[in-house]
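Presented below is the structure to which this report refers.
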Amino acid sequence: MEQLFLQWIKDPTGAAYELFNRSIFYILVAIASSVAAYFWTKIKFRARNVWHRIKRTEIHYEGDSYNGLIMTVGASNELQKLIIEQVKPEFVGIITGNSDNVKNVANDLKEFAINKNIVCDEPHFYGELDVERIEKGFDDIIEWMVGKNIKRENIVIDLTGGKTPFSIAAFNSAKRNGVNAVYTDSVYEDKRPVAGTQKSILLVKSIND
């Protein structure tokens, strides 16, 4: 610093240039840190608001009128059976993967719905990564239900079961077709859902609601 001070007396322009060179790195770091902090604050604020809205839109199936119920299913269908008993739809559609185990689970769910006097379309089976075809499957079931004179606001996709690509496809199809989509949570005991503890969060709202 003493040398820089002496240089400043002899050559102010050169000293100023030298001081700028020494401080530019710290200036750039300070600017980058400020920008990063700004965007991080915006992201946290936006995420907090989205989570707040999701929490505020928590709904229960009880009291909601859904004539058409479309479901994804995985290795177990116990939660889906409880949902069917609670919703009591007129029509059920099932979309899932194409492994033998999951096919058996889906067909068992279909028989369960039929025994409840519910009209159930043949389950749709797709490869887990074929998102476009899975979305088309949801579209087809929605159109099948609309063809049965079910209004779109009375159709709901419950995307709780199945793997992530099916949930993404269900969400996209619901949004594009203007039908409701929900995710259902449940209390479990011994890895089995407890009847009456199901709560559904509305993820996509029908355009007619």
Practice problem: Take atom CD of Glu111 as the centre, draw a 6.0 Å sphere, and report whether it contains more than 12 heavy atoms from other residues, nucleotides or ligands. | Solution: yes

Quiz item: If you look at every heavy atom in Ala174 and Ile157, which pair is closest and at what distance?
Solution: CB-CD1, 3.9 Å

Quiz item: Looking only at heavy atoms, what is the nearest atom pair of His124 and Glu122, with distance?
Solution: CD2-O, 3.0 Å

Exercise. Treating Ile, Leu, Val, Met, Phe, Trp and Tyr as nodes and any side-chain heavy-atom pair under 4.5 angstrom as an edge, say whether Val102 and Phe125 lie in one connected cluster.
Key: no

Quiz item: Which value, rounded to the nearest 0.5 Å, describes the distance between Asp130 atom CG and Glu128 atom CD?
Solution: 11.5 Å

Quiz item: Once you round to the nearest 0.5 Å, how far does NZ of Lys116 lie from NZ of Lys81?
Solution: 10.0 Å

Exercise. Report yes if some heavy atom in the side chain of Thr160 is under 4.5 Å from a heavy atom in the side chain of Thr72; otherwise report no.
Key: no

Quiz item: Once you round to the nearest 0.5 Å, how far does OG1 of Thr96 lie from NZ of Lys163?
Solution: 9.5 Å

Quiz item: If you draw the axis of the six-membered ring of Phe91, does the NZ or CZ of Lys148 fall within 45° of it and under 6.0 Å from the ring centre?
Solution: no

Practice problem: Check whether any side-chain heavy atom of Leu159 lies under 4.5 Å from a side-chain heavy atom of Leu203, and answer yes or no. | Solution: yes

Throw together a table of side-chain donor-acceptor distances under 3.5 angstrom for residues 135-143, partners on residues two or more places apart or in other chains.
unit_1, atom_1, unit_2, atom_2, d
Glu135, OE1, Arg176, NH1, 3.0
Glu135, OE1, Arg176, NH2, 3.4
Glu135, OE2, Asn172, ND2, 2.9
Lys136, NZ, Asp140, OD1, 2.8
Lys136, NZ, Asp140, OD2, 3.2
Asp139, OD1, Ser173, OG, 2.7
Asp139, OD1, Arg176, NH2, 2.9
Asp139, OD1, Asn177, ND2, 2.7
Asp139, OD2, Arg176, NH2, 2.7
Glu143, OE2, Arg152, NH2, 3.0

Self-check item: Asn180 vs Tyr66 side-chain heavy atoms within contact, under 4.5 Å
Solution: yes

Exercise. Go through Glu90 and Val119 one step at a time and tell me if the side chain to side chain contact (heavy atoms under 4.5 Å, CB included) criterion holds.
Key: CA-CA 6 Å; Glu90 297 176 32; Val119 179; over 6 Å; no

Quiz item: Quick one: CG on Asp158 to OG1 on Thr184, what's the gap to the nearest 0.5 Å?
Solution: 3.5 Å

Quiz item: Do the side chains of Ile94 and Cys120 get nearer than 4.5 Å, heavy atoms only?
Solution: yes

Quiz item: Going by heavy atoms in the side chains, are Ile70 and Ile155 under 4.5 Å from each other?
Solution: yes

Self-check item: Non-hydrogen side-chain atoms of Pro165 and Ile168 separated by less than 4.5 Å
Solution: no

Self-check item: Spatial distance of atom CD1 (Ile118) from atom NZ (Lys110) [nearest 0.5 Å]
Solution: 13.5 Å

Practice problem: Identify whether Leu79 and Leu109 are in the same connected component of the hydrophobic contact network (ILVMFWY, side-chain heavy atoms under 4.5 Å). | Solution: yes

Quiz item: Would a 4.5 Å heavy-atom cut-off, applied to side chains only, mark Ile84 and Leu69 as touching?
Solution: yes

Exercise. Indicate if Trp144 and Tyr126 have the same hydrophobic cluster label, given that clusters are the connected sets of ILVMFWY residues with side-chain heavy-atom separations under 4.5 angstrom.
Key: yes

Quiz item: Looking at CZ of Phe166 and CE of Met71, how far apart are the two atoms once the value is rounded to the nearest 0.5 Å?
Solution: 14.5 Å

Quiz item: What are the two closest non-hydrogen atoms of Val105 and Gly74, and how far apart are they?
Solution: CG1-O, 3.5 Å

Quiz item: Are more than 12 heavy atoms from other residues, nucleotides or ligands located less than 6.0 Å from atom CG of Asp100?
Solution: no

